[in-house]
Q: 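The structure that follows is given in the form of structure tokens.
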Amino acid sequence: MPPTKKVTVPTRVIGLISGTSVDGIDAALVEISGSDLDLKVSLLAGETYPYTPELRAKILAVGAGVAISMAELAEIDDAIALAFAQAAQNIQIGHQPATLIGSHGQTVYHRPPQGVRQKSNCLGYSLQLGRGAFIAHVTGITTVSNFRLADINVGGHGAPLVPRVDAFLLSDSAEGRCIQNIGGIGNVAYIPPRRGYWLSKIRAWDTGPGNSLLDLAVQHLTDGAKSYDENGNWAASGIPCDSLVAQWLQEDYFHLPPPKSTGRELFGVAYLHQCLKDAEPYQLNPADLLATLTELTVASIAHSYQSFLPEMPQQVLLCGGGSRNLYLKQRLQLLLPSVPVLTTDEVGLNADFKEAIAFAVLAYWRQLGLPGNLPAATGAPCEILLGEIHSQLGISRVDI
Ligand SMILES: Nc1ncnc2c1ncn2[C@@H]1O[C@H](COP(=O)(O)OP(=O)(O)OP(=O)(O)O)[C@@H](O)[C@H]1O
Ligand SMILES: CC(=O)N[C@H]1[C@@H]2OC[C@@H](O2)[C@@H](O)[C@@H]1O[C@H](C)C(=O)O
């Protein structure tokens with residue numbers, strides 16, 4: 001579908017997501033106008049609402065493959081839906097109410113399609129908990145959810161989905177940009193200068209681990225007392241082990257050509273344990289281990305640009321929690337010496353809430369009847385409307 005210009009009125013939309021770090025629900029209240037080429041978004045409020053430690057532990061366990069009963073799954077789904085509905089209520093306090101919610105939910109399982117490469121014909125599967133219908137009922141606001149399914153049903157990965165929003169919010173007329181999200185998992189959108197057939201030249205894929213292995217290592221090294229390496233200070237006091245990084249870069253995922261997607265199913269607890277085992281002969285101290293894992297994240301990003309981009313960008317714009325890791329940012333800059341590494345804040349888009357903002361836009365596009373996926377990013381054969389629309393059920397707002 002070619003980019004369009006529809007006449008639209010500014011709409012107040014809430015975007016909600018909890019990502020693969022499972023650190024809490026990011027909520028963004030935004031005002032959106034335009035359609036795609038003339039899309040405009042302004043952030044009115046952004047908050048992260050942490051899960052309770054009990055709910056977080058349950059979600060992480062399910063994500064790590066721990067077997068649970070259907071009854072337990074239902075309980076987790078209820079708790080997530082309630083937490084998302086509360087986040088939607090809270091983000092509106094002190095503001096004019098929203099008329100639309102885009103809720104990504106919480107990914108607990110992601111399986112990319114295994115098509116041509118594996119000589120099987122298996123569709124992808126991606127499960128996000130936190131039912132949109134319940135959020136619509138509680139808030140009294142039409143809610144779009146289950147964004148990944150439509151893309152998966154036509155053979156796509158259902159991920160990454162944010163690149164189409166990146167393209168319309170962050171493209172530049174003169175410079176090619178890589179928008180690099182570093183959440184639990186990393187993903188990139190390469191956006192060429194906005195002229196000619198620029199849309200058809202966009203590329204995007206999951207680059208591999210973002211903070212997932214680092215966070216797990218910090219928890220392991222501190223017996224759970226710390227959950228992440230603040231600003232990368234601990235890693236900055238160590239020295240990366242180059243031979244281990246070179247060994248780890250042989251991982252098959254890093255050599256698969258895009259489109260590709262991944263998750264904690266690959267880069268999770270078992271992967272960290274293998275890394276720890278590989279590191280034993282080197283007798284690294286904790287700081288060296290964290291520096292080495294940080295180096296794996298940045299080297300996998302730089303390696304994927306060098307391997308899969310049609311040309312190197314003029315700028316890299318970081319977003320997601322990893323953009324706050326100063327050591328990681330500095331190491332990535334060293335590996336990409338001729339490309340300035342900045343954050344999306346520096347071009348006016350909040351780096352912490354970009355994913356939440358993107359799901360607000362995807363809901364808005366769904367309502368306008370505009371597609372949300374980018375076939376080059378997800379591998380789908382066509383553009384398609386994303387998300388299921390849940391209208392309020394005719395009952396007034398519920399106080400929770
Ligand atoms: N000040 C900081 N210093 C270092 N790391 C940080 C800082 N702030 C956040 N992080 C890292 O960012 C992570 C959270 O990032 P984010 O919220 O973008 O992930 P996510 O959205 O859950 O993941 P994904 O994008 O894969 O779905 C934390 O787990 C932590 O590792
Ligand atoms: C299945 C799933 O939740 N994937 C996430 C994850 O976190 C980052 C990366 O892997 C990306 O593919 C995706 O998230 C963002 C929001 C996306 O779809 O663009």
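Numbers here are sequence positions counted from 1. All ligand and atom numbering here is 1-based and tracks the order in the structure. Note that the structure is a prediction, hence the values are computed from the model and not measured. Hydrogens, waters and symmetry mates are skipped; everything else that's a heavy atom, side chains included, is used.
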Q: When you look for heavy atoms under 4.0 Å from ligand 1, do you find them on the side chain of D215, its backbone, both, or neither?
A: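 It is the side chain that touches ligand 1; the backbone stays farther off.
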Q: S126: heavy atom below 4.0 Å from ligand 2, yes or no?
A: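 In this structure, S126 qualifies as a contact of ligand 2 - some heavy atom is under 4.0 Å.
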Q: Suppose we measure from atom 23 (O) of ligand 1 to each protein heavy atom; which comes out shortest, and what is that distance?
A: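 Checked against all protein heavy atoms, atom 23 (O) of ligand 1 sits closest to G184 N, 2.9 Å.
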Q: Between atom CG of D151 and atom CG of L385, what is the distance when rounded to the nearest 0.5 Å?
A: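 If I round to the nearest 0.5 Å, the distance is 12.0 Å.
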Q: Counting only heavy atoms not in L334 (residues, nucleotides, ligands), do more than 12 fall under 6.0 Å from its CG?
A: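 Atom CG in L334 is packed in, count exceeds 12.
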Q: Side chains of R366 and L386: does their closest heavy-atom pair fall under 4.5 Å?
A: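 No, too far: nothing below the 4.5 Å cut-off.
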Q: Which of the atoms of ligand 1 are close to E355, meaning less than 4.0 Å from one of its heavy atoms?
A: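 In order of numbering, the contacting atoms are 21 (O), 25 (O), 27 (O).
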Q: Using distance alone, decide if ligand 1 has a nitrogen or oxygen within less than 3.5 Å of any nitrogen or oxygen in S21.
A: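 Yes; at least one N/O pair falls below 3.5 Å.
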Q: Test of understanding: given a 4.0 Å heavy-atom threshold, classify the contact between N211 and ligand 1 as side chain, backbone, both, or neither.
A: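 Just the side chain.
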Q: Side-chain donor-acceptor pair under 3.5 Å between H157 and T378, yes or no?
A: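 No, no side-chain donor-acceptor contact under 3.5 Å.
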Q: Please report whether ligand 1 has a polar contact with N181, defined as an N or O pair separated by less than 3.5 Å (distance criterion only).
A: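 N/O-N/O distance under 3.5 Å: yes.
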Q: Assess the residue pair D166 and K354 against the criterion (salt bridge (Lys or Arg N to Asp or Glu O under 4.0 Å)); give the C-alpha distance rounded to whole Å, side-chain angles, the decisive distance to 0.1 Å, and a yes or no.
A: CA-CA 9 Å; D166 287 340; K354 189 171 75 67; 2.6 Å; yes
Q: Measure the spacing between OH of Y51 and CD1 of I25 and express it to the nearest 0.5 Å.
A: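 Here the rounded value is 4.5 Å.
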Q: Specify the protein heavy atom at minimum distance from atom 3 (O) of ligand 2: its residue, its atom name, and the distance to 0.1 Å.
A: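 Nearest protein contact, heavy atoms only, for atom 3 (O) of ligand 2 is T107 OG1, 2.6 Å.
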Q: Around K329, counting heavy atoms of other residues, nucleotides and ligands shown, do more than 12 lie under 6.0 Å from its NZ?
A: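 Counting neighbours around NZ of K329, more than 12 heavy atoms of other residues, nucleotides or ligands fall under 6.0 Å, so yes.
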Q: May I ask you to identify the nearest protein heavy atom to atom 6 (C) of ligand 1, giving residue, atom name and distance to one decimal place in Å?
A: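 Of the protein heavy atoms, G321 O, 3.4 Å lies nearest.
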Q: Quick one: which ligand 2 atoms are inside 4.0 Å of a heavy atom on A159?
A: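 The list of qualifying atoms is 12 (O).
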Q: Indicate, as side chain, backbone, both or neither, the part of T20 found under 4.0 angstrom from ligand 1 when only non-hydrogen atoms are considered.
A: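 Both backbone and side chain of T20 come within 4.0 Å of ligand 1.
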Q: Heavy-atom count around Y125 OH within 6.0 Å, excluding the residue itself: above 12?
A: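 Open.
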Q: Does this structure show an ion pair linking R56 with D23, if we count only N-O contacts that are shorter than 4.0 Å?
A: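 Not counted as a salt bridge, because no side-chain N and carboxylate O are separated by less than 4.0 Å.
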Q: Look only at the side chain of S323 and the backbone of G320, and say whether a donor-acceptor pair between them is shorter than 3.5 Å.
A: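 Yes; at least one donor-acceptor contact below 3.5 Å.
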Q: Considering only heavy atoms from C-beta outward, does the side chain of R194 approach that of R177 to under 4.5 Å?
A: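 No. Closest side-chain heavy atoms not under 4.5 Å.
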Q: Ignoring hydrogens, just give me the one of D229, L216, T48 whose non-hydrogen atom is nearest atom 4 (C) of ligand 1.
A: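 The nearest heavy atom belongs to D229.
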Q: In the protein, what heavy atom is nearest to atom 1 (C) of ligand 2, and what distance, to one decimal place, separates them?
A: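 Result for atom 1 (C) of ligand 2: H110 ND1, 3.3 Å.
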Q: For atom 17 (O) of ligand 1, which protein heavy atom lies nearest, and how many Å away is it?
A: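 Nearest protein contact, heavy atoms only, for atom 17 (O) of ligand 1 is D23 OD2, 3.4 Å.
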Q: Among all protein heavy atoms, pick the one closest to atom 6 (C) of ligand 2 and tell me residue, atom and distance.
A: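 Ranking protein heavy atoms by distance from atom 6 (C) of ligand 2, first comes T20 CG2, 3.7 Å.
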Q: For atom 15 (C) of ligand 2, which candidate among R164, R264, E355 holds the nearest heavy atom?
A: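 Looking at heavy atoms only, E355 sits closest to atom 15 (C) of ligand 2.
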Q: Report the nearest protein non-hydrogen atom to atom 17 (C) of ligand 2: residue, atom name, distance rounded to 0.1 Å.
A: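 For atom 17 (C) of ligand 2, the nearest protein heavy atom comes out as L161 N, 3.3 Å.
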Q: What residue and atom, counting heavy atoms only, is the protein's closest point to atom 5 (N) of ligand 1, and at what distance?
A: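 Answer, as residue, atom name and distance: Y228 CD1, 3.6 Å.
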Q: Any donor-acceptor pair under 3.5 Å linking the side chain of R12 with the backbone of T99?
A: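 No, the answer is negative, given that no donor and acceptor are paired below the 3.5 Å cut-off.
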Q: Does G232, backbone or side chain, put an N or O under 3.5 Å from an N or O of ligand 1?
A: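 N/O-N/O distance below 3.5 Å does not exist for this pair.
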Q: Does the residue G322 have a heavy-atom contact with ligand 1, meaning some pair of atoms that are separated by less than 4.0 Å?
A: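 Judged by the 4.0 Å heavy-atom criterion, G322 does count as contacting ligand 1.
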Q: In the structure I gave you, are the side-chain heavy atoms of P310 and R203 within less than 4.5 Å of one another anywhere?
A: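 P310 reaches R203 side chain to side chain.
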Q: Who gets closest to atom 5 (C) of ligand 2 by heavy atom: R148, K354, H104?
A: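 Among R148, K354, H104, the closest heavy atom to atom 5 (C) of ligand 2 comes from R148.
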Q: Pull out every atom of ligand 1 sitting under 4.0 Å from any heavy atom of E230, numbered as shown with elements.
A: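 Those atoms are 3 (N).
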Q: What atoms of ligand 2 come within less than 4.0 Å of a heavy atom belonging to N187?
A: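 In order of number, 8 (C), 19 (O).
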Q: Roughly how far, to the nearest 0.5 Å, is CZ of R148 from CG of L161?
A: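 Interatomic distance, L161 CG to R148 CZ, rounded to 0.5 Å: 4.5 Å.
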Q: Looking only at distances, please establish whether an N/O atom of ligand 1 is found under 3.5 Å from an N/O atom of G320.
A: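 No.
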Q: Take E265 and R111, measure what salt bridge (Lys or Arg N to Asp or Glu O under 4.0 Å) needs, and give me the verdict at the end.
A: CA-CA 8 Å; E265 295 75 18; R111 181 191 72 198; over 6 Å; no
Q: Identify which of L362, D206, V188 has a heavy atom lying nearest to atom 11 (C) of ligand 2.
A: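 Residue with the shortest heavy-atom distance to the ligand atom: D206.
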Q: Do F359 and L16 have side-chain heavy atoms sitting under 4.5 Å apart?
A: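 Sidechains of L16 and F359: no contact.
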Q: Identify which of N231, N325, D352 has a heavy atom lying nearest to atom 3 (N) of ligand 1.
A: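 Looking at heavy atoms only, the winner is N231.
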Q: Report, in ascending order of atom number, the atoms of ligand 2 lying under 4.0 Å from any heavy atom of F359.
A: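 Every atom of ligand 2 under 4.0 Å from some heavy atom of F359: 16 (C).
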Q: P163 versus ligand 2: do any nitrogen or oxygen atoms come within less than 3.5 Å of each other?
A: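 No; every N/O pair is 3.5 Å or more apart.
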